[in-house]
Amino acid sequence: MSVPENHLYYGDNLDILREYIASESVDLIYLDPPFNSARSYNVLFKDESGRHADAQIVAFKDTWHWGETAESTYFDLVTNAGSPIVSMMISSMRSMLGANQMMAYLVMMTARLVQLRRVLKPNGSLYLHCDLTASHYLKIILDTIFGVLNFRNQITWKRTSTHSDAKRWSPVSDIIFYYVKSDKFTWNPQYSEHDDKYLADKYRNDDNDGRGIYTLGDMASPNPRPNLIYEWKGYAPPEKGWRYSKETMQQLDQEERIWYSSDPKKRPRLKRYLGEVKGRIHDDIWTDIAPINSQAKELLGYPTQKPLALLERIIAASTNPGDVVLDPFAGCGTTIAAAQKLGRRWIGIDITHLGIALLKYRLQDMFALDEKKLYQVIGEPEDTASARQLALDNRYQFQWWALSLIKAKPLGGTEDSKTGKKGSDKGIDGVISFIADPANGKADRVLIQVKSGKVKSGDIRDLKGALERENAAMGVFITLEEPSRDMITEAVTAGYYEGEKFVGGKRYPRIQIRTIEQMLAGDMPELPLTSGVSNFKRAEKVTAEPTDKQTPLF
């Protein structure tokens, strides 16, 4: 099994890890799994005015239940985990907690963490992002799988400001557990700028020789150094000796790096210039990275989106250029974007075609590189047969995938707990917005309907009715099955959308039918999108060259 690099995988990450990811092939793993917080996270799509659109599509259901899947996974962990201590740990947890939602969540996480440790290189690191809901249990699981001695840090990230909570301290932080696989791991210390108060207090000296301000550092050795006990220019040696040899002291003296007091009782000190200091080394309390708020430029509308700076810090600290970064819960792709920006190779896994689509749009917007040049997608339909299979497996995943082919924004109503689909969509599955009149910026819409089963002429009439009801410009009907002659005739009778405001004054058929087979072959609907607006919140383009160049993959 070869090492997969720069790949997006659609599917259950447990299956993907077992089937595709080779042992000891990954340098860094960051995972931001659902927190078992007993609520649904929704992807909120917003128009340019910032108002909520009509639709909210469930990205994933953040609730777990003990059922056949949990029982089967638990049985596998107890009997086939490959580690007696993992078997004992998960068995003890079930005895303590019982077969409930929390236990189902912990079983799900344990199975994946066993696989994640397998794919991690001996010098690799893992960061698990969580909140207080299950962090205490996850710490026990991580200690069991990775070993207590391989725990490095519990990082606290302040993710929000204080808010009012009844009878408790306001929860404003997330936890990031940092583990390594062995004592030989990659580590690059990270620094930030000193604050103004620190600089004003410490760096108060300036010789006005062009070298800038400096502070004074101790030149005494912190440990006994008998070979460095000597007199220097009439100054008696410190009790444990000098920090430097005579030769080094001579060089520092010639460079005027040693400060001498007029008081002979005061020992010489070293001048440490601000320009030579990297900054304040980061500790395990991170308050300097702002969360994604409603005004953030990088906001994409994904509810669990993390700041790019957070992942950049983690990736820079625990990898080197060309290393492989894995995110098994890729979501909207912050880990992937940060890895690409810093010149690392990457693997992303997500369980929804909606997530994969959002991630692909983000990579295109940020790096202006398309899928074929930058990465490969595994698990998306590549032909009609695989599209048909996806429709049989999950017709809503099929719908989201079909909409992603033309970058249409999904629409829906209220959540259905069984399907994950939002309720009545009034005959509309997706929408594409565009500028109808560049002179005044007036926007219009193309409504999309997706069908995976049998189709008939009445479906086209329904779409025509939706156009009239919603006062929309055009409609696109995407079908897995071949349209009938009556359907084509019905679409033709809808007439044309007059695109006289666009180059050449082109006319566009007001209702267009495209089969999945046609779209996979590149025959896409003709739409007036010359001056189109983005149907998703666009990620900021990366304009600066990354400091670390990425090595070629293909």
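Computed from a predicted structure; not experimentally measured.
Considering only heavy atoms from C-beta on, K407 comes within 4.5 Å of Q364 through its side chain. Contact of the F398 side chain with the H353 side chain is not registered, since no non-hydrogen atoms from C-beta on lie closer than 4.5 Å. At a threshold of 4.5 Å between non-hydrogen side-chain atoms, the residues Q340 and Y375 do not count as touching. Between L359 and C332 the shortest side-chain heavy-atom distance does not fall below 4.5 Å. Side-chain atoms of I141 and L106, non-hydrogen and from C-beta on, do get closer than 4.5 Å to each other. Side-chain contact between I406 and M524 is present, with at least one heavy-atom pair separated by less than 4.5 Å. Proximity of M108 to T73: side-chain heavy atoms (C-beta onward) are nowhere separated by under 4.5 Å. Residues L128 and L113 have side chains in contact (heavy-atom distance under 4.5 Å, counting atoms from C-beta outward).
A side-chain contact (heavy atoms from CB on, under 4.5 Å) with I478 is found for one member of L405, D429, I448 and no other, namely I448. When the options N320, L326, L120, I314 are evaluated for a side-chain contact (heavy atoms from CB on, under 4.5 Å) with L28, the one that passes is I314.
Note on E312 versus R344: no salt bridge recorded, every NZ/NE/NH1/NH2 to OD/OE distance being 4.0 Å or above. Salt bridge status for E490 with K464: present, with a side-chain N to carboxylate O gap under 4.0 Å. A salt bridge does not link E481 to K451: none of the charged nitrogens lies less than 4.0 Å from a carboxylate oxygen. For the pair D365 and R362, the salt-bridge criterion is not met [side-chain N within less than 4.0 Å of a carboxylate O]. The pair D323-R345 does not meet the salt-bridge criterion, since no charged nitrogen lies less than 4.0 angstrom from a carboxylate oxygen. One finds a salt bridge joining R18 and D76 here, because a Lys/Arg side-chain nitrogen approaches an Asp/Glu carboxylate oxygen to under 4.0 Å. Using a 4.0 Å cut-off between charged side-chain N and carboxylate O, R461 and D486 make no salt bridge.
Note on ring orientation: taking the six-membered ring where Trp is involved, the planes of H129 and Y30 are perpendicular (angle over 60°, cut-offs 30° and 60°). Ring geometry, Y127 versus Y178: the interplanar angle falls under 30°, so the pair is classed parallel (tilted spans 30 to 60°).
Around atom CD of E517, no more than 12 heavy atoms belonging to other residues, nucleotides or ligands sit under 6.0 Å away. Heavy-atom contacts from other residues, nucleotides or ligands closer than 6.0 Å to CD of E71 number more than 12.
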For side chain to side chain donor-acceptor pair (under 3.5 Å), just list the numbers for W66 and Q101, CA-CA rounded to whole Å, side-chain angles, deciding distance to a tenth of an Å, and then say yes or no. CA-CA 6 Å; W66 192 272; Q101 293 182 32; over 6 Å; no

Would I21 and S25 count as a side chain to side chain contact (heavy atoms under 4.5 Å, CB included) here? Give the steps. CA-CA 7 Å; I21 314 300; S25 63; 3.7 Å; yes

Between R117 and E24, is the salt bridge (Lys or Arg N to Asp or Glu O under 4.0 Å) condition met? List the steps. CA-CA 8 Å; R117 185 187 182 281; E24 299 188 351; over 6 Å; no

Let me see the working for R469 and D462 under salt bridge (Lys or Arg N to Asp or Glu O under 4.0 Å), right down to the final yes or no. CA-CA 10 Å; R469 183 184 68 246; D462 289 343; over 6 Å; no

What do the steps show when you test W401 against Y10 for ring pair (Phe, Tyr, Trp, His ring centres under 6.0 Å), and what is the final call? CA-CA 11 Å; W401 167 75; Y10 160 73; over 10 Å; no

Run T479 and I516 through side chain to side chain contact (heavy atoms under 4.5 Å, CB included) and show every step you take. CA-CA 6 Å; T479 172; I516 291 297; over 6 Å; no

Report the C-alpha distance between T110 and I145 in whole Å, list the side-chain angles of each, state the deciding distance to 0.1 Å, and finish with yes or no for side chain to side chain contact (heavy atoms under 4.5 Å, CB included). CA-CA 8 Å; T110 301; I145 295 173; 4.2 Å; yes

Could you go step by step and tell me if R510 and L467 meet the side chain to side chain contact (heavy atoms under 4.5 Å, CB included) rule? CA-CA 9 Å; R510 190 156 185 249; L467 295 186; 3.8 Å; yes

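From L31, atom CG reaches atom CG of N13 across 9.0 Å, with rounding to the nearest 0.5 Å. The CG atom of L374 sits 5.0 Å away from atom CH2 of W346, with the distance rounded to the nearest 0.5 Å. Once rounded to the nearest 0.5 Å, the distance linking CZ of R445 with CD1 of I432 reads 12.5 Å. Put simply, CE on M474 and OH on Y497 are 8.5 Å apart, with the number rounded to the nearest 0.5 Å. Once rounded to the nearest 0.5 Å, the distance linking OG of S452 with CZ of R388 reads 9.5 Å. Atoms CG and CG, on D327 and D32 in that order, are 7.5 Å from each other to the nearest 0.5 Å.
The two residues I315 and A338 have their closest heavy-atom pair at CD1-CB, 3.8 Å.
Residues satisfying the side-chain contact (heavy atoms from CB on, under 4.5 Å) test with P509, not counting sequence neighbours, are Y496, Q512.
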